[in-house]
Amino acid sequence: MKSAKIAGIGYYVPEQVVKNDDLARHMDTNDEWIQERTGIKERRYAKKHEETNSSLAAKASRIAIERAGIEVNEIDFIVYATLSPDYFFPGCGVLLQRELGITNTEIGAIDIRNQCSGFIYALSVADQFIKTGMYKNVLVVGSEVHSYGLDFSTRGRGVSVIFGDGAGAVVMQPTEKEGQGVLTTKLHSDGSQAEHLAYINPGCHGGYHDKENIDRYGYGDEEFGGAFLTQKMIDEEDYFPNMNGQHVFKYAVTKFPKVIMEALADQGKTTEDIDMLIPHQANLRISQFVQKTLKLPNEKVYNNIQKYGNTTAASIPIALCEAWEEGKIKEGDLVCLAAFGSGFTWASALIRW
Ligand code: UT7
């Protein structure tokens, strides 16, 4: 079986820079709180009416495709990770195909809905397809436009100050070189924690998961069907993501090191073998905690949450690309990716560059 390597990588972030003080004009927050708790100084927001999730993804993808030295119509499969799709359906994969002008309908496209760990899950899917020989040029994307769906009132400050918009993409190809490419991926989930970090309404749950409050939104009043979006949800503005931040934090700091150690053990390696760790950019404090636990020096951990906030599925490919562009990842390096987030899901990947 042939391994899959990253043959081209690119990222794109919107031009609009939103600083912490800009947010403080809309809600009761301040630069000091945000920097102290998260490390974030600023983030990017997409330009309304001009940019969307799939348009950011297309910009990142074009760079990755060009760097892979192929044409758009040579892409034979798209794996698209996002939690903020343009539409509930169809997925962003097909919209990206259209946006890129891929006219070849022999290709396939799927969306991965694994939030913060979405990019590693997507990478793992691409890796399997390449290993089996089914595809040769797989475009793997992580892209988010959070800013169109956040609560910018004080009520939403615990969530909205954290997230930003952006996209990253890689082209995966089979490699002829022994020991190069994706060495392993480790994927995990724990659905018992689903509502601790979730975007629940509007949705097709019809009150199923929340039976005590089944009357709250008028579910079941109609003869057929449940309610997707009720007037009460609109009146109460209950259509934003929610996060039990401290609970997520506690889980994250235990799962990150564990899933990294699991990937290393699988390959008979130790933390000392890591040349570069790219943690999902959830919170600088989480990254620092993981770095300390694994006893990694500063130059072996890449963080850019300070500039972009948490871009969920896009955070790893953006950071990976920046680190590579800055010359911090070189051929032969052992690169470790790790993520934790909504689901809960968590994952890691080891890549020989
Ligand atoms: O990528 C997906 C995975 N997500 C994560 O990994 C996120 C994990 N969690 C976190 O990063 C942190 O829990 C947060 C950054 C979200 C919050 O930090 P925290 O230190 O856990 O703060 P907290 O939620 O315990 O809130 C502390 C106080 C509260 O006020 P009181 O009750 O002590 O009076 C909040 O109401 O800070 C208040 N607060 C804010 N104050 C100013 C919450 N958000 C803000 C805000 N500005 N934006």
Side-chain angles (χ1 to χ4, degrees), residues 18-43 81-84 112-121 142-147 149-166 168 188-190 193-200 240-260 278-291 293 303-306 308-319 337-348:
V18 176
K19 294 190 176 294
N20 294 340
D21 285 340
D22 296 325
L23 293 178
R25 285 190 276 111
H26 295 264
M27 63 186 82
D28 182 10
T29 190
N30 56 77
D31 181 49
E32 194 189 350
W33 190 97
I34 300 172
Q35 285 210 48
E36 198 180 295
R37 308 275 175 144
T38 70
I40 299 166
K41 294 182 177 173
E42 58 191 43
R43 73 286 292 140
T82 187
L83 67 69
S84 52
I112 300 278
R113 301 198 51 202
N114 279 67
Q115 299 67 250
C116 305
S117 59
F119 184 77
I120 301 180
Y121 269 75
S143 180
E144 304 290 0
V145 172
H146 290 299
S147 63
L150 294 172
D151 179 357
F152 289 106
S153 72
T154 295
R155 188 184 69 165
R157 66 184 180 175
V159 174
S160 51
V161 301
I162 295 168
F163 293 97
D165 304 342
H188 294 277
S189 64
D190 179 359
Q193 304 297 315
E195 283 78 14
H196 285 291
L197 177 46
Y199 199 145
I200 291 170
F240 292 112
N242 64 277
M243 175 166 71
N244 183 351
Q246 289 200 2
H247 184 74
V248 177
F249 195 101
K250 281 179 200 150
Y251 257 76
V253 293
T254 60
K255 297 300 184 191
F256 261 106
K258 262 194 187 158
V259 77
I260 292 168
I278 311 276
H280 159 55
Q281 300 294 290
N283 181 324
L284 191 59
R285 287 194 294 145
I286 294 178
S287 292
Q288 287 165 343
F289 193 95
V290 174
Q291 177 180 347
T293 307
N303 290 302
N304 60 8
I305 191 170
Q306 301 90 330
Y308 304 132
N310 178 344
T311 58
T312 315
S315 92
I316 287 180
I318 293 173
L337 314 179
F340 176 89
S342 165
F344 293 155
T345 62
W346 58 103
S348 64

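As the structure lists them, so they are numbered: ligands from 1, and atoms in each ligand from 1.
At a 4.0 Å heavy-atom cut-off, the residues surrounding ligand 1 are D28, T29, W33, R37, T38, C116, R157, G158, V161, I162, L197, M243, G245, Q246, V248, F249, H280, A282, N283, R285, I286, N310, listed by chain and number.
We find the OG1-CG distance between T312 and N114 to be 12.0 Å, quoted to the nearest 0.5 Å. Atom CG of residue L197 and atom OG1 of residue T345 lie 9.0 Å apart, to the nearest 0.5 angstrom.
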Which donor-acceptor pairs under 3.5 Å do the side chains of residues 249-260 make with protein atoms, sequence neighbours left out?
unit_1 : atom_1 : unit_2 : atom_2 : d
Y251   : OH     : Q193   : NE2    : 3.2
T254   : OG1    : Y251   : O      : 2.9

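Under the side chain to side chain donor-acceptor pair (under 3.5 Å) criterion, N244 pairs with H196, not counting sequence neighbours. By the side-chain contact (heavy atoms from CB on, under 4.5 Å) test, S315 pairs with H280, Q281, T311, sequence neighbours left out.
At distances below 3.5 Å, at least one donor-acceptor pair connects side-chain atoms of N283 with backbone N or O atoms of R37.
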